[in-house]
Amino acid sequence: MIGTVREVTPNVDVNALLSGAQFIDAFRVEIGAATVNARDACTRMVLHEPRWIDTLLRLRNILVTPFGLKTSGEGAPAPHGVIGLFPVLSETPERLVAGFDDSHLDFRIVVDVTRDAAGRQVTSTTLVRTHNLLGRTYLKLIMPFHKLVVRGMMGRIVAPPR
């Protein structure tokens, strides 16, 4: 069904994207005949997120600043620019990989655009590799919100706000 975001089994090469990842999940949305490439989809997800997600991210940034965690894509220049706070690490029209490495954890967001007989689909896969207790604690704390956030962001791919 077009516009319905559903959780799917991740279908990525974990070793090539983030070897040793301890967390991985994926969500897919059917977009029908809409012509969208991976950058378009990621931009719609990140730059047109629902207001409540923006509020959660602002709160997160306030809470993690005392711990020295990154609050944006700060650090080394991204080879393919930045979308929102996510440095783009690699990109083709069908796949965009974004993310960064931090002292507590490394993460990647992979946005894939595919086509089958029913139309186009966008899949967003999240991979996380923790480095220490702070990273493992952070991962456990954000998990209750992660699925809600991804579903909310992916809903914007089909019908971003005007």
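Of all the heavy atoms in V111 and C42, the pair that sits closest is CG2-CB, 4.1 Å. Minimum heavy-atom separation, A26 to P10: CB-CA, 3.8 Å. The heavy-atom pair separating I2 from G32 by the smallest distance is CD1-CA, 3.6 Å. The two residues R44 and I157 have their closest heavy-atom pair at NH1-O, 2.7 Å. Listed here is the closest heavy atom pair of T130 and Q22: N-OE1, 2.5 Å. The two residues V122 and M154 have their closest heavy-atom pair at O-CE, 3.3 Å.
To the nearest 0.5 Å, atom OG1 of residue T126 and atom NE2 of residue H146 are 4.0 Å apart. Here the straight-line distance linking atom CG of L127 with atom OG1 of T125 works out to 6.5 Å at 0.5 Å rounding. The distance from atom OG1 of T123 to atom CZ of R28, rounded to the nearest 0.5 Å, is 3.5 Å. Atom CZ of R129 is separated from atom CZ of F23 by 15.0 Å, given to the nearest 0.5 angstrom. To the nearest 0.5 Å, the span separating CD on E91 from CG on L96 amounts to 5.0 Å.
Cluster annotation: M143 and F107 are assigned to the same hydrophobic cluster (Ile/Leu/Val/Met/Phe/Trp/Tyr, side-chain heavy-atom contacts under 4.5 Å, transitive).
Screening V128, L17, L18, V12 for a side chain to side chain contact (heavy atoms under 4.5 Å, CB included) involving I24 leaves a single residue, V12.
Within the 4.5 Å cutoff, the side chain of R120 has heavy atoms near those of the T35 side chain. Contact check for M45 versus S124: side-chain heavy atoms found under the 4.5 Å cut-off. R95 is listed as a side-chain neighbour of T92, based on a closest heavy-atom distance under 4.5 Å. Proximity of F86 to V46: side-chain heavy atoms (C-beta onward) are separated by under 4.5 Å at one or more points. You'll find the side chain of T114 stays beyond 4.5 Å of the side chain of E94, heavy atoms only.
Looking at D102, its side chain never comes within 3.5 Å of a backbone N or O of L105 through a donor-acceptor pair.
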### V113 vs N37, side chain to side chain contact (heavy atoms under 4.5 Å, CB included): CA-CA, chis, key distance, verdict
CA-CA 6 Å; V113 178; N37 64 32; 5.6 Å; no
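For residues 1-12, the pairs satisfying side-chain hydrogen bond (donor to acceptor under 3.5 Å, both in side chains) are R6-E30, E7-K147, with sequence neighbours left out.
Between R108 and D101 there is a salt bridge, since a side-chain N of the basic residue sits under 4.0 Å from a carboxylate O of the acidic one.
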